[in-house]
S.K.: 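I have a structure here, written as structure tokens, and I will follow up with some questions on it.
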Protein chains: 2
Amino acid sequence: MPPSQPGKNQVFFGTFIHAKKFGELEYLHNTAICVDVSGKIVAIEPNCNQQKAVETVYARLGWSLDTVAISVARDHRQFFFPGFIDTHVHAPQYPNIGVFGKSTLLDWLNKYTFPMEASLSSLPKARRVYTRCIRRTLAHGTTTAAYYATIDVNATNLLADLCFSMGQRAFVGRVCMDHLGPEYYIDESPDHALAATRATIDHIRSIDSNFEIVSPILTPRFAPACSVETMRGLSELQKQTQLPMQTHISENVNEVELVKELFPDSRSYADVYDTHGLLNEKMILAHAIHLTEEEADLIAERKAKIAHCPCSNSALTSGIARVRWLLGKGIQVGLGTDMSGGYSPSILEAARQAKLVSNHLAVPGGRSDDLSWEEREEAKLSVEEVLYLATRGGAQVLGLANKVGVFEVGKQWDAQLVDLGTVPDEVVEDDQAIHGNVDVFGWETWDERVAKWVFNGDDRNTKKVWVQGRLVHVQTYMY
Amino acid sequence: MPPSQPGKNQVFFGTFIHAKKFGELEYLHNTAICVDVSGKIVAIEPNCNQQKAVETVYARLGWSLDTVAISVARDHRQFFFPGFIDTHVHAPQYPNIGVFGKSTLLDWLNKYTFPMEASLSSLPKARRVYTRCIRRTLAHGTTTAAYYATIDVNATNLLADLCFSMGQRAFVGRVCMDHLGPEYYIDESPDHALAATRATIDHIRSIDSNFEIVSPILTPRFAPACSVETMRGLSELQKQTQLPMQTHISENVNEVELVKELFPDSRSYADVYDTHGLLNEKMILAHAIHLTEEEADLIAERKAKIAHCPCSNSALTSGIARVRWLLGKGIQVGLGTDMSGGYSPSILEAARQAKLVSNHLAVPGGRSDDLSWEEREEAKLSVEEVLYLATRGGAQVLGLANKVGVFEVGKQWDAQLVDLGTVPDEVVEDDQAIHGNVDVFGWETWDERVAKWVFNGDDRNTKKVWVQGRLVHVQTYMY
């Protein structure tokens, strides 16, 4: 099932908001964005309504009126925003979101995560879980996701099939783990891990030959779960294929200690990946909380990327990644839900938590206590900055900066239509109707509207979602 | 407009969940709870279906079938839960939720808060804002709220009227601030502050003579905004009326410094309230983040209560209150949204954040760094504990422990019907329908269902809300 293309050229009218640069949103009002049948943005016209488009733009593009489909964002209440990019998410863990008990990383893996992942070798169960995970993340505006699947080849291939047919841009990684795992859920050998990975690459190539929508991604789970041979083998495979890679780093202090014990000759956790050929510009490292200065410098030098997962890091008591410190070293950072270490399928929630936990870095009594007030304030991320991480930052991390994350001619139309609720001028006491969880009274600036969305918005505010021009989600509530 | 009583006895069937004690939920399955026409729980019958109720319970209560209205929580998907209690919320700031810019407490007050509060002396605007605030908090399951209004008597009275007619149990406080405020928003004298407070007490008595649903609450804004005379006058008034009181304490380090400067003879912030006669068992103190050991001991000795407001404390970079430390001193603690220092109208969100920020107290690199691993782990609050704070803890803080917060014979029926979404056994790729933000697959334990609700639930899961037996909210979505 290839994704059905819209078959028509499309024009979107209204307000468009995107991250112009880090910390600055651009508001394009009364604008038209023209998207061709391939899903590519071919024109952005300021001060353009439908009449003007008919009179001037279509002719220039060689479009006739009957080949154009039109979508409109209603003024002051709706706007188009780039689709969210989830740089780190475990699809098979979706049913476990919110379920932690009292665990932290290492016991959580054994108690909740490995049993759930292992159970998805049942394809009917995998279909139920993966379909729901993709639907849910699409509903939250996630147009691109970097998924960890499981060790099971068939279930991993199924996840790729579902992303492709449901139209979510995705990286799908068959998880490699041949060390320290539980007996019931482990790769029997490095050769097995590599052969299984190759099988999923071949499958994805068979459904999407150029990896336009779905791409494989090499996925060593994390250093403690991988033999030296598996890491070296994946490094070789990466050199041959130039595929992206993803793994975890420095999430939890006990995990960092474990890596020290397992790799006594390595200078650091980052050094383990580096000396096994896995640290390069194609590597996405999740978490990166407890990095040393030296490790961060090494990651910057190798141009590896970082997926910041604040929901997970708070829920599992892992810590707070110092995002501005990482950015200051020139490292590219995106956001990840990290379900089900993270409790939420929403990158908007990840953005909100990225803002809130960055504030905690600035609070007296924390790890910044030896810093001045100015330096502490510096740690805090703004609403505009976390929205950058949720879109353009994510695109950089996944190697898609030339394709998505921003509205520009030549980029793909990966977007969401956002609708904020308005409070009627006359509010009646017994009117119990609610429109989502954001209330706009009418006097708010656009910056304030966006802030209200970031702090209280949810999937109810995401009305429609497109990937590469294809409408992949329309909000449909059932009560 | 008195709240319309249901006029019938009521019976609720199904699963009931409540906080049995701190850290433990009780699950009452297949149970019937009988509520009389006054809204009081008169019987709780385990193992009781509708037929058994007809055969045995009604006769015992002297009820006939045609005087009984029935509500049912459907198995495995719905349950009744005590209504949430918001121990600290500023109704006039509701339109500003999510709007912070880069501010912290003191500049945020001047930039956003005082102008908004002052503007509500316009009664049409106050009506629009307050009606929406009450509707919104009811929709999130808040059956009781301790509101700060503004300095305006008429608008404060209007808030009380609206709580009464819309049926939300409420404490409504006319704010006293005769010191350091902006010229356009300040009490002109202590006498004025006290007279205005008395006027709102008289008004509330005129609509609800026994303060059954709506009660006045004495509200000195916080020490820096109150003259010594106003604090002493309110203390006198409290002694005469035995009314509850509310104020802020130790939210922000700069605020603490300011109090030191303003009250150089006081030993501490808590001591300021104590020496002005405001620290007793009727006082609700919001925030209490940067308290010293000595201050916490004084608060415990005086039996004053604390409203923990994690959403606000993270958003305004105030810090993290050490809830278990406070509880360990015997201080009663509830949760507050603190809109619009807090960004959310939801006590469920406050509970979630109370859990998450407590984890941050346990993270290496924070204020607990001199503690052992065990002591750090101790700081973390569980799902069960934060739900206790959201219900029974709140009831204790507001002096309502004998009335609400738990399902017991003799308590009021202040409750919500919670509904969790279920994932169909056969998930179809192009089925875009979504039921709220919680997905139950069917294999989860009840503890796990509740955890899923706490981490991903929202007002979509709150289907109906009752206060004192009266149905005050039914979910009605408009898209």
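Please read all numbers here as calculations on a predicted model, not as lab measurements. Order of the sequence lines fixes the chain letters, A, B, ..., with proteins taken first and strands second; residue numbering starts at 1 for each chain.
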S.K.: Select, from A:E384, A:K452, A:E448, A:R135, the one with the greatest count of heavy-atom pairs under 4.5 Å involving chain B.
M.R.: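 Counting heavy-atom pairs under 4.5 Å, the top option is A:R135.
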S.K.: Parallel, tilted or perpendicular, judged at 30° and 60°: which one describes the rings of A:H360 and B:H360?
M.R.: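 Geometry flag for B:H360 against A:H360: parallel rings.
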S.K.: Can you tell me which portion of B:V474 sits under 4.5 Å from chain A's heavy atoms? Options are side chain, backbone, both or neither.
M.R.: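 Answer is both: backbone and side chain atoms of B:V474 are under 4.5 Å from chain A.
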S.K.: In terms of side-chain geometry, is the basic nitrogen of A:D459 or B:R460 positioned less than 4.0 Å from the acidic oxygen of its partner?
M.R.: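 Counted as a salt bridge, because a side-chain N and a carboxylate O are separated by less than 4.0 Å.
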S.K.: Does any heavy atom of chain A fall under 4.5 Å from the side chain of B:R449, the backbone, both, or neither of them?
M.R.: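 Neither part.
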S.K.: What part of A:S358 gets within 4.5 angstrom of chain B, counting heavy atoms only: side chain, backbone, both, or neither?
M.R.: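 It is neither, since no heavy atom gets under 4.5 Å.
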S.K.: Which atoms of B:P424 come close to chain A, meaning under 4.5 Å heavy atom to heavy atom: side chain ones, backbone ones, both, or neither?
M.R.: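 Both parts, heavy atoms under 4.5 Å.
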S.K.: Looking at every non-hydrogen atom in both residues, tell me the closest pair between A:G98 and B:A451 and how far apart they are.
M.R.: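 Closest approach of A:G98 to B:A451, heavy atoms only: O-CB, 3.3 Å.
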S.K.: Do the side chains of A:E444 and B:V99 get nearer than 4.5 Å, heavy atoms only?
M.R.: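 A side-chain contact is absent here, since even the closest heavy-atom pair is not under 4.5 Å.
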S.K.: Under 4.5 Å from any heavy atom of chain B, what part of A:D425 do you find: side chain, backbone, both or neither?
M.R.: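 Looking at A:D425, backbone and side chain both touch chain B.
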S.K.: Non-hydrogen atoms of chain A under 4.5 Å away: do they reach the side chain of B:K380, the backbone, both or neither?
M.R.: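 Side chain only.
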S.K.: Report which part of B:V450 has an atom under 4.5 Å of a heavy atom belonging to chain A: side chain, backbone, both, or neither.
M.R.: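 For B:V450, no heavy atom lies under 4.5 Å from chain A.
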S.K.: Give, as side chain, backbone, both or neither, the part of B:V357 having an atom under 4.5 angstrom from any heavy atom of chain A.
M.R.: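 The side chain, not the backbone.
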S.K.: If I measure from the heavy atoms of chain A, does B:F100 come under 4.5 Å with its side chain, its backbone, both, or neither?
M.R.: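 Side chain only.
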S.K.: First locate atom CG of B:N359, then atom CD1 of A:I320, and finally report the distance between them rounded to the nearest 0.5 Å.
M.R.: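 CD1 of A:I320 is found 11.0 Å from CG of B:N359.
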S.K.: Quick one: closest heavy-atom pair of B:W443 and A:P95, and the distance?
M.R.: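 In terms of heavy atoms, the two residues are closest at CZ2-CB, 3.5 Å.
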S.K.: Does B:K125, at its NZ atom, have more than 12 non-hydrogen atoms belonging to other residues, nucleotides or ligands within less than 6.0 Å?
M.R.: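 Yes, because the 6.0 Å sphere around NZ of B:K125 holds more than 12 heavy atoms from other groups.
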S.K.: Taking atom CG of A:L361 and atom OG1 of B:T317, what is their separation to the nearest 0.5 Å?
M.R.: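 One finds 10.5 Å between CG of A:L361 and OG1 of B:T317.
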S.K.: At their closest point, which heavy atom of A:V423 faces which heavy atom of B:R128, and how far apart are they?
M.R.: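 What the structure gives for the nearest pair is O-NH2, 2.8 Å.
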S.K.: Fit a plane to each ring of B:F455 and A:Y343, take the angle between them on a 0 to 90° scale, and name the class: parallel (under 30°), tilted (30 to 60°) or perpendicular (over 60°).
M.R.: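 Plane angle between 30° and 60°, so tilted.
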S.K.: Closest heavy-atom contact between A:P345 and B:N456?
M.R.: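 Closest heavy-atom pair between A:P345 and B:N456: CD-OD1, 3.8 Å.
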S.K.: Chain A heavy atoms under 4.5 Å from B:A315: which part of the residue, side chain, backbone, both or neither?
M.R.: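 Both parts, backbone and side chain.
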S.K.: Which bit of B:S346 is near chain A, if near means a heavy-atom gap under 4.5 Å: side chain, backbone, both or neither?
M.R.: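 For B:S346, there is no contact with chain A at all, as no heavy atom is under 4.5 Å.
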S.K.: Does any backbone or side-chain atom of B:I97 lie under 4.5 Å from a heavy atom of chain A? Answer side chain, backbone, both or neither.
M.R.: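 Backbone plus side chain of B:I97, per the 4.5 Å heavy-atom cut-off to chain A.
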S.K.: Which pair of heavy atoms, one from A:H140 and one from B:N437, lies closest together, and at what distance?
M.R.: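 Closest heavy-atom pair between A:H140 and B:N437: NE2-OD1, 3.0 Å.
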S.K.: Going from OG on B:S314 to CZ on A:R352, what distance comes out if it is rounded to the nearest 0.5 angstrom?
M.R.: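 The OG atom of B:S314 sits 12.5 Å away from the CZ atom of A:R352.
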S.K.: Provide the closest heavy-atom pair for B:T422 versus A:R132 in the form atom of the first, atom of the second, distance.
M.R.: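 In this case the closest contact between B:T422 and A:R132 is O-NH2, 4.3 Å.
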